[in-house]
Amino acid sequence: MRDNRPAYWGQRGALGTARDVAGTSLITAARRPPRPGRFFTVHLGFTAPDLASARELAVGYAEALSVLRPEVALGASALSPAEAWQQAERLFCGASGPDGERCADVADHPGFHHAPGPGGLGWGDGD
C-alpha cells in the first residue's frame, strides 16, 4: 500500500476531484414540488371556575393570538375539558357568507353573521 491508501481508491478517480467540481454547484433544484402546508393544532391549558367562564377566556385567547399571528385560523378554535379532548366545541360561528367569507362572531350568537374585520359584511336573518 503506497501512501496509506486502499487499493480500490484509483477506481473512484472517475468521479473527479474537488478541483474538478469547484466551479459547479452540488445543489440542484427539487425533483418534486414542495408539500402544501398542513393544519396543526395548539392546545393551551388554563383554569376557569365553570364552562361559561372558560369559553369567554378561550375566545379572548384565540382573538389575541390571531392579532399577534395572522396565520392562526381563528375559526378553527375549539374548547374542551383537559381530560376529554374528544368533546371539543367550536368557539366561533364559522357560517359561510355570500362571498366565501366566514362568520367571525362567537358560536351560537344571535342576529346577523359578520365577516372578520371592522366594517365586515353582514348577512343572514337578523333581529
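We count residues from 1, following the sequence as given.
- Summarising the geometry of Ala58 relative to Leu79, their closest heavy-atom pair is CB-CD1, 4.1 Å, with the distance given to 0.1 Å.
- Here the OG-CD distance, from Ser80 to Gln87, works out to 8.0 Å after rounding to the nearest 0.5 Å.
- A donor-acceptor pair shorter than 3.5 Å cannot be found between the side chains of Arg90 and Ser77.
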Item to check | Full working for side chain to side chain contact (heavy atoms under 4.5 Å, CB included) between His109 and Cys103 | outcome: CA-CA 10 Å; His109 65 89; Cys103 180; 3.3 Å; yes
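- For Trp85 and His43, the gap between ring centers is short of 6.0 Å.
- Atom-to-atom distance recorded for Leu65:CG and Leu74:CG is 9.5 Å, nearest 0.5 angstrom.
- Note: Arg55 CZ to Glu89 CD = 4.0 Å, rounded to the nearest 0.5 Å.
- Taking 4.5 Å as the limit, every side-chain heavy atom of Leu91 sits out of range of all side-chain heavy atoms of Val106.
- Counting only heavy atoms from C-beta outward, the side chains of Glu71 and Ser66 never approach each other to under 4.5 Å.
- We find the OG1-CG distance between Thr47 and Leu57 to be 8.5 Å, quoted to the nearest 0.5 Å.
- Within 6.0 Å of CG on Asp50 lie more than 12 heavy atoms contributed by other residues, nucleotides or ligands.
- In this structure a side-chain-to-backbone donor-acceptor pair under 3.5 Å is missing from Glu56 to Ala54.
- The shortest side-chain heavy-atom distance between Glu63 and Phe92 falls under the 4.5 Å cut-off.
- Tyr61 and Phe46 have perpendicular rings, their planes meeting at more than 60° on a 0 to 90° scale where under 30° would count as parallel.
- Side-chain contact between His114 and Trp123 is absent, with no heavy-atom pair separated by less than 4.5 Å.
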